[in-house]
There are 4 protein chains.
Amino acid sequence: MSKYNLLEAMKAQAKPALKLTDKKQKIMETAVALFAEKGYSNTPTSEIAKAAGVAEGTIFRHFGTKDNLLVAVIVPFLKASIPSMAEELFTELMSHDVFFFEDFLRELVRDRLNFVKENKEIFQIVVKEFLYNEEIRNELLPYFVENIGGRLIQVIRVFQERGELVSRPAEDIAKLVVTCIAGLFVSKFVLMLNGTADEEAEIETIVRFVMDGVRKRE
Amino acid sequence: MSKYNLLEAMKAQAKPALKLTDKKQKIMETAVALFAEKGYSNTPTSEIAKAAGVAEGTIFRHFGTKDNLLVAVIVPFLKASIPSMAEELFTELMSHDVFFFEDFLRELVRDRLNFVKENKEIFQIVVKEFLYNEEIRNELLPYFVENIGGRLIQVIRVFQERGELVSRPAEDIAKLVVTCIAGLFVSKFVLMLNGTADEEAEIETIVRFVMDGVRKRE
Amino acid sequence: MSKYNLLEAMKAQAKPALKLTDKKQKIMETAVALFAEKGYSNTPTSEIAKAAGVAEGTIFRHFGTKDNLLVAVIVPFLKASIPSMAEELFTELMSHDVFFFEDFLRELVRDRLNFVKENKEIFQIVVKEFLYNEEIRNELLPYFVENIGGRLIQVIRVFQERGELVSRPAEDIAKLVVTCIAGLFVSKFVLMLNGTADEEAEIETIVRFVMDGVRKRE
Amino acid sequence: MSKYNLLEAMKAQAKPALKLTDKKQKIMETAVALFAEKGYSNTPTSEIAKAAGVAEGTIFRHFGTKDNLLVAVIVPFLKASIPSMAEELFTELMSHDVFFFEDFLRELVRDRLNFVKENKEIFQIVVKEFLYNEEIRNELLPYFVENIGGRLIQVIRVFQERGELVSRPAEDIAKLVVTCIAGLFVSKFVLMLNGTADEEAEIETIVRFVMDGVRKRE
DNA sequence: CATGAATGAGCATTCATTCAT
DNA sequence: GATGAATGAATGCTCATTCAT
């Protein structure tokens, strides 16, 4: 059995208990900043306590274990990680004829870029722990594959049928698209390889790359 | 000053001292396996010692510190990480007219895929520590950007002049290409999202995605 | 830069925080006894912990490092090591005509003898570490020379002008006097070469030796 | 039973085996320098080996243990520490009437000063370990008291009978004289509180202090 | 004799967690 | 709820000593 049970935690946190104590809130904010900066296992609870201005015992009163603190911090992010967009689009696509995959892709990238930009630190934590911590990876990987990959595959299939997308296996296409977008986000928000300041141009670059690759056409 | 000085270590290890003791060799092999599996900082030296069948002191007699053991394991990999290909190709391209970027890309992917496949565990270590360990990242990032990015940019420029590649900034193209390939390698060798068994098909999929994207053409 | 910064520590410990925890107090007492008996570097923290009836971690919670424990134990002693007497006497001497150097010396010896007797163990620690530990010596030597030597020299000069003391350089006289007294204290409290039980007689012996040497006079 | 048995070692080393190997000789010289500088327990055998240009094993081949190396280095010094002078003088004094205690003292100080000056480093070692290492102290203290103290007491008694020295207990006088001389040697050769460059003047200062104290006489 | 790889007990220090107040 | 002193297992590292070559 897993030490983390992130998915259990996600279900449990259905009602996100908006009434966070001042202290509890402060601990979480501090933990996010420190985990993002130095990594989970390089951040002692003593340092979190000090930076948050609480006693070390208080952390354990609220979260029980350090692991639980990580979970508490990560779960709301994970729940918001699934682009609801994809599902909405899919429903819509089935009924009306709307727009092009290129437009969907553009909106998807824009949407996720904004989401990650607003949750930069937690994104860093999730990426780092996802790779570093085997248990977390084992918990999250199926979740991502199913929820994100799965929806995207459905969307892709629709556009393939319409003839806009190549007819390779939708799984392969989804994987390429996700890897490409995720890779660029990691590069931008974790490795801090800052590209252009102009965000719209950046989005356009990604979209055109994914759609048409690097070959010149006349 | 950095704790690691990986680049210094790389220069110093010019002649890799092939005369590795049995024990030293065993320690390194064991460390590679454990670091890859659980991450550097989650692997106690005591466990390495036990798994390698040596006394803990032996590790420190050979490597001095745990950090040095990591460096000793990583450095040869890093030195072989720069695709000499790119440089050779670049020289060749300047003199004769040979082949297409698509062919270059195919060879590059094939070459690096084989390299990483043969060094799977060390690749896992490097990827994980690269993201998790700030000092290592700070050491390696400029190295990668300059050596890998730099060479690729030069190659791209040549093919742009020949009209095979789109005329967006070569830096952007290089970044997209590298991110895409790196992302797929991470997905395959670190996250273990196994794709097709047919490797040639896999290479072809990447090449076609990078060259032409996902849009259908008649 | 020094590892110890004893003088810094002395300034910092201005208000010695009388509210010592039971445990903290117990640790310090135990450490004093063990350091005095076996020397600082021959006393493992584990042994201190065991003898003090606390967990080893508790030592580090209170003192951070073993070095700091030594400092915490030594500093109050050092601050009380300067005989305020000398300074007071000096001021007094400048205004009124009071007593003889012989009387001053007798009081000085009596005062310091009592002080060391009451701090026997810490005196042992200081003497041993002073000789054994280069860094501690480098920290303390200038302090002693200036504070103890300096004041004594001033006193000696006054009595030289009054014609009670020989007119050799005051520095030389001070050095002889200090060496002689310190040597006898070390002999008594560190080497445990117990002299007479009669302390007053002991003091008188020292004073007469310093004043008149060993030559018989009629 | 003692770990050291210095006295046993002294007896055993009766014939000092002049045929010291090159390596053995080099090890001892290096050990002397390092022990004097950093103290016995702060000097790893590995460092001695390196500095001496031998393998670490070689030290143990020759000396068996690190303790034995210390003993090997110290013992010849200890054997030469007893001023044969005192004994010779005593024999001489019983037969003829020669010179004054003051002259004896002057010669004693000169003789020991030269001895220590020529064996400065071993003197440092002996002083430091004598204070720091209980076992060594327990071994050497009785030896010093008996051999050095004992002889001096006899000499003093003779001069007391002749009326040159005060008639306090000879033991007390001996102790004062030894403490005073030893203290000044420690101050000069261990603490490095350099006095005058003029050695004869220094000797004279000590002699006059011991003989007549600090009181001015007309 | 000499070597140096190997050993493993021992050490200072860290840190998540507990619990009495 | 909040505190922070106390815990003790775990960790990286040191070093005297052994032994096969």
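With contacts defined as side-chain heavy-atom distances shorter than 4.5 Å, the pair A:T30/A:V54 does not qualify.
Between the CD1 atom of A:I59 and the P atom of F:dA5 there is a distance of 15 Å, given to the nearest Å. F:dG1 atom C1' lies 17 Å from atom CD of A:Q25, rounded to whole Å. The distance between atom CG of B:N42 and atom C1' of E:dC15, rounded to the nearest whole Å, is 14 Å. For the pair D:I27 CD1 and F:dA16 P, the interatomic distance rounds to 14 Å; values are reported in whole Å. Following rounding to the nearest Å, C:K66 (NZ) and F:dC13 (P) show an atom-to-atom distance of 19 Å. Separating the CG atom of D:D67 from the P atom of F:dC15 is a distance of 16 Å, rounded to the nearest angstrom. Separating the CG atom of A:D22 from the P atom of F:dT3 is a distance of 12 Å, rounded to the nearest angstrom. Atom-to-atom, NZ of B:K50 to P of F:dT11 comes out at 11 Å; the value is rounded to the nearest Å.
Classification of A:R137 and A:E129 as a salt-bridged pair fails, no side-chain N sitting under 4.0 Å from a carboxylate O.
Between C:T58 and the phosphate of F:dT7, there is a side-chain N or O to OP1/OP2 separation shorter than 4.0 Å. Within the 4.0 Å cut-off from OP1 or OP2 of F:dT3, at least one side-chain nitrogen or oxygen of A:K23 is found. Close to E:dA2, at under 4.0 Å from its OP1 or OP2, lies no side-chain N or O of D:R61. Between B:T45 and F:dG12, a side-chain N or O to OP1/OP2 separation shorter than 4.0 Å is present.
Along DNA chain F, the nucleotide closest to D:E56 and the one closest to B:F60 are compared, and the more 5′ of them pairs with B:F60. Between B:G57 and C:T43, the residue whose closest nucleotide on DNA chain E is further toward the 5' end is B:G57. Looking at which nucleotide of DNA chain F each of C:G53 and B:P44 is closest to, the 5′-most match is held by C:G53.
With hydrogens and angles ignored, the 3.5 Å screen pairs a side-chain donor or acceptor of A:Y132 with a backbone N or O of B:Y40. Between the B:K66 side chain and the B:T43 main chain, a donor and an acceptor come within less than 3.5 Å of each other.
For E:dT17, the paired nucleotide is F:dA6, the pair qualifying as Watson-Crick or G-U wobble because both relevant distances are below 3.5 Å.
Partner of C:F35 under the side chain to side chain contact (heavy atoms under 4.5 Å, CB included) criterion, out of C:I122, C:I125, C:V126: C:I125 alone.
Side-chain proximity of A:V54 to the nucleotides E:dC1, F:dT3, F:dA2 is greatest for F:dT3.
Within the 4.0 angstrom heavy-atom criterion, no nucleotide atom of any strand lies near B:S41.
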